[in-house]
Structures are given as C-alpha cells and as structure tokens.
Amino acid sequence: MTWLAELEERARASLTAPVLEYVATGAREGVSAREAGWADVRFLPHVLRDVTDVSLGTTLLGGEAEVPWGVAPSTLQRAVHPEGEVAMARACAAAGSVLVVSSNAGTPFAEIGATGVRWWLQAYLPADRTLAQPMLERAVAAGAEAVVLTVDTPVVATKYAAGEQVIWDVVDPQLLRVNFDPGYDDRPGAEKATDLGPHDLGWLAEVSGLPVVVKGVLRGDDARRCAQAGASAVWVSNHGGRQLDRAVRTSAALAGVVEEVGADVDVYVDGGVRSGLDVLAALALGADAVFLGRLPLWALVEGEPGVARMHADLRAEVTEAFRLGGCRTVADARGIAVLPERP
Ligand SMILES: Cc1cc2nc3c(=O)[nH]c(=O)nc-3n(C[C@H](O)[C@H](O)[C@H](O)COP(=O)(O)O)c2cc1C
C-alpha cells in the first residue's frame with residue numbers, strides 16, 4: 001500500500017467517532033458515496049513520445065497553477081486538526097495548488113489569505129441574498145480570486161447517524177462560520193435558498209467582482225445554462241455523495257459536460273479522487289482540473305506536514321502516470337481515456 005492509499009485508514013484510527021462520521025458518511029444509503037471512483041476508466045496510452053520532462057502546470061480561470069488539482073471546500077477543518085484551514089492553506093501554497101475555502105470555515109478569511117495561498121471562496125446563497133454580502137466582501141478583501149457557488153444543496157441531505165452523538169451535538173461553535181456577522185443564522189432569510197437560478201450567477205459576479213464557478217453540476221444541459229448565464233467554470237460534483245444519494249458518479253457525468261461546454265468554460269471535477277491514476281483519468285476525460293475532498297481531510301489529521309506530503313506524493317504519482325501514458329503536459333493527457341458508460 002502507498003502512503004496515500006493508507007491515509008484514510010490511519011485517519012480513521014485517530015479521529016473521534018463524530019468527526020469521523022461527519023467526514024466519511026454519505027447521504028441516505030450512501031450509494032453515491034460508495035460508488036465514487038475512477039478505477040473503471042481505462043487508458044489508451046501513447047508511446048514513442050519523449051516524456052523526459054513532464055509539466056503538471058496548468059491555467060485555471062486564467063491564472064497559473066503548478067498542479068492540475070486543488071483542494072475542494074469542506075466545513076469543519078478545525079475539528080479535524082486544530083490548525084484547520086491555516087495548515088491546509090500553507091501546504092497548498094507550498095505545493096502551488098488552489099485552495100477552495102468553505103464559507104462555513106472556522107478560520108477568518110484574512111488569516112487564510114495571509115498564508116499567500118491562491119484561494120477561492122465557496123458560497124451557499126441564503127434565501128435573502130443580501131445577507132451574504134458582508135461575508136462576500138470579507139472574502140474579496142482577503143484576496144479570494146473566485147467565488148464557487150454550490151448549487152446542489154437547496155436543503156442539506158439526510159445522513160443517518162450510527163453513533164449516539166453526531167458532530168453537531170459536540171462541535172465547538174467557534175470552529176464554524178466565523179466569517180459571517182454575529183447572529184447571522186437567526187436572521188429571517190438566512191436559510192439556504194431553494195430558488196437559485198441562473199440570474200444568481202450574474203448577481204454574484206456583480207457584487208463580488210470575481211469570476212463565478214458553479215459547483216454541483218452533473219448534466220450537460222445545466223452546464224450550458226451556467227455558461228450562458230456567465231459562469232467562468234462548471235464543477236462536476238455530486239458533493240462526495242453527501243447530497244442526492246444515487247446521483248451518478250462524476251466519472252460517468254464528466255464527459256457529457258465537457259462535450260457540452262468544455263470549449264467555452266473551464267470544467268472541473270471532484271468525487272473519489274484518491275491517487276495519481278485517478279487524477280490522470282479525470283484529466284483524460286477532459287477535466288481542466290480535479291478537486292480533492294476527503295483525501296486532504298484525511299491528510300490534515302497529520303497537520304500541515306500531512307497535507308504537504310499528500311501533495312508531494314500525488315505529484316510523484318501523477319508524474320509517473322503521465323510518463324507511462326505518454327503525456328508531457330495536461331493538454332497531452334486529454335483524450336487518452338476510454339469512457340465508462342454514460343449516465
Ligand atoms: C467533511 C466534508 C465537508 C464538506 N463541506 C462542504 C462545504 O462546506 N461546501 C461545499 O461546497 N462542499 C463541501 N463538501 C463537498 C466537497 O467539496 C467535495 O465536493 C467532495 O468531498 C468531493 O468528493 P470526495 O470527498 O470523494 O473527494 C464537503 C465534503 C466533506 C467530505
């Protein structure tokens with residue numbers, strides 16, 4: 001087993017039961033959470049190509065990234081490790097990887113920005129959109145370079161508790177949502193919007209002045225609506241199987257979205273990415289970048305050094321996979337995969 005492959009098992013041994021359950025569990029029966037993965041994608045590698053020098057660098061939203069993967073937003077990083085988002089940010093900055101910060105973060109945006117990491121804000125919009133504005137302004141002031149609007153969560157899906165306590169019974173409120181105004185959650189209109197529409201993308205771009213990425217898209221037709229409404233990127237995701245259970249796995253949805261909008265906007269993907277081969281599979285199916293949800297959380301159990309090692313080991317694995325696939329660049333990787341079945 002590689003260090004990366006053993007990460008989850010090691011993290012499971014040291015996290016408390018409610019935190020472990022929070023990170024690991026999928027919605028309802030956990031079908032989508034279990035099915036996530038890339039092992040059914042097959043490669044058609046090139047040969048007789050010079051792969052002496054491999055470059056993993058890429059362009060995301062017009063900016064340079066050293067690697068074609070980033071860290072997906074996740075709530076409660078400070079419950080996984082006391083240094084939470086700051087440890088994650090430092091390790092991402094050192095690796096040249098983009099960090100997407102949850103609007104539920106337990107660390108002030110200014111502290112995350114001060115690490116020098118290239119970071120994007122993930123936002124959910126409330127029923128009264130204007131309530132989100134102060135939080136958006138704080139993110140912009142702290143250097144967020146994009147807003148990622150999560151659109152697969154009109155309501156938080158039901159997760160079945162295995163133990164007596166769930167995370168929300170035991171979590172220190174100071175580890176959560178520190179970038180909102182005090183008393184935010186009690187205000188009328190602070191509940192999640194159930195009426196999101198394409199017009200919200202324009203509103204978000206206007207109030208933030210930032211490019212908007214739409215996270216949680218699985219269908220080509222929805223991706224087209226996002227692009228038409230001004231999105232700079234769409235992010236293929238089923239929220240790690242934490243929202244609509246039995247939603248298709250992202251490896252099956254990706255190609256349809258790329259086919260529909262890939263020529264016009266960036267396409268990102270997440271879900272079950274755990275290894276260099278998984279990264280190559282996603283790039284080969286046309287993703288411009290891949291985002292990692294649980295993997296960096298398992299690594300974060302070991303603090304900043306854990307996340308730094310995750311990036312380093314992934315870099316080594318992806319480099320090897322590129323060489324074996326006959327790819328020198330991210331652009332070369334495109335198209336060397338054979339599709340799994342379509343949804
Ligand atoms: C513990 C945890 C918390 C998450 N919190 C958020 C969040 O606050 N906002 C969001 O858009 N997605 C959130 N996600 C979803 C991730 O951004 C991502 O879509 C998903 O984890 C990818 O699947 P993977 O865990 O298999 O890599 C969370 C995921 C996990 C595991």
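Each ligand, and each atom within it, is numbered from 1 in the order the structure gives. Note that the structure is a prediction, hence the values are computed from the model and not measured.
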Could you list which atoms of ligand 1 come closer than 4.0 Å to a heavy atom of [X]?
| X | value |
| --- | --- |
| V23 | 1 (C), 31 (C) |
| T150 | 10 (C), 11 (O) |
| G271 | 22 (C), 23 (O), 26 (O) |
| S102 | 7 (C), 8 (O) |
| L297 | 1 (C) |
| S237 | 19 (O) |
| K215 | 10 (C), 11 (O), 12 (N), 15 (C), 16 (C), 17 (O), 18 (C), 19 (O) |

Just do the salt bridge (charged side-chain N to carboxylate O under 4.0 Å, His left out) check on D278 and R274 with the steps written out, would you? CA-CA 6 Å; D278 294 342; R274 305 284 183 266; over 6 Å; no
What's the shortest distance from [atom] to any protein heavy atom, and which residue and atom give it?
| atom | answer |
| --- | --- |
| atom 20 (C) of ligand 1 | G240 N, 3.6 Å |
| atom 5 (N) of ligand 1 | T75 N, 3.1 Å |
| atom 22 (C) of ligand 1 | D270 CG, 3.5 Å |

Mind listing the closest non-hydrogen atom pair of V178 and G106 along with its distance?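 That would be CG2-C, 3.5 Å.
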If I compare all heavy atoms of P134 with all of D181, which pair ends up nearest, and what's the gap?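 Taking P134 first and D181 second, the nearest heavy atoms are CG-OD2, 3.5 Å.
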Can you tell which part of [X] has a heavy atom less than 4.0 Å from ligand 1: side chain, backbone, both or neither?
| X | result |
| --- | --- |
| T153 | neither |
| P73 | both |
| S74 | both |

N/O of [X] under 3.5 Å from N/O of ligand 1, yes or no?
| X | value |
| --- | --- |
| G272 | yes |
| Y22 | no |
| G293 | yes |

With no hydrogens and no angle check, is any side-chain donor or acceptor of [X] less than 3.5 Å from a backbone partner on [Y]?
| X | Y | result |
| --- | --- | --- |
| T59 | E64 | no |
| R129 | A127 | yes |
| R42 | V338 | no |

Residue among R242, K215, H239 satisfying side chain to side chain donor-acceptor pair (under 3.5 Å) with D152: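 Checked R242, K215, H239 against D152; only one passes side chain to side chain donor-acceptor pair (under 3.5 Å): H239.
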Among the heavy atoms of Y124, does any lie under 4.0 Å from an atom of ligand 1?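 In this structure, Y124 qualifies as a contact of ligand 1 - some heavy atom is under 4.0 Å.
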Does a donor on one side chain sit under 3.5 Å from an acceptor on the other, for T158 and R28?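 A pair is found: one side chain offers a donor N or O, the other an acceptor, under 3.5 Å apart.
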According to the interplanar angle, ranging from 0 to 90°, do the rings of W168 and Y22 count as parallel (below 30°), tilted (30 to 60°) or perpendicular (above 60°)?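 Ring orientation, 0 to 90° scale: perpendicular.
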Check the angle between the aromatic planes of H311 and W69 and answer parallel, tilted or perpendicular using the 30° and 60° thresholds.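 Aromatic pair H311/W69 classed parallel.
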For the side chain to side chain contact (heavy atoms under 4.5 Å, CB included) test, which of V98, V100, V290, L61 pairs with Y268?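 Single pass found, and it is L61.
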Proximity winner for atom 29 (C) of ligand 1, if only heavy atoms of R242, H239, R294, R274 are counted: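 It is R242 whose heavy atom sits nearest to atom 29 (C) of ligand 1.
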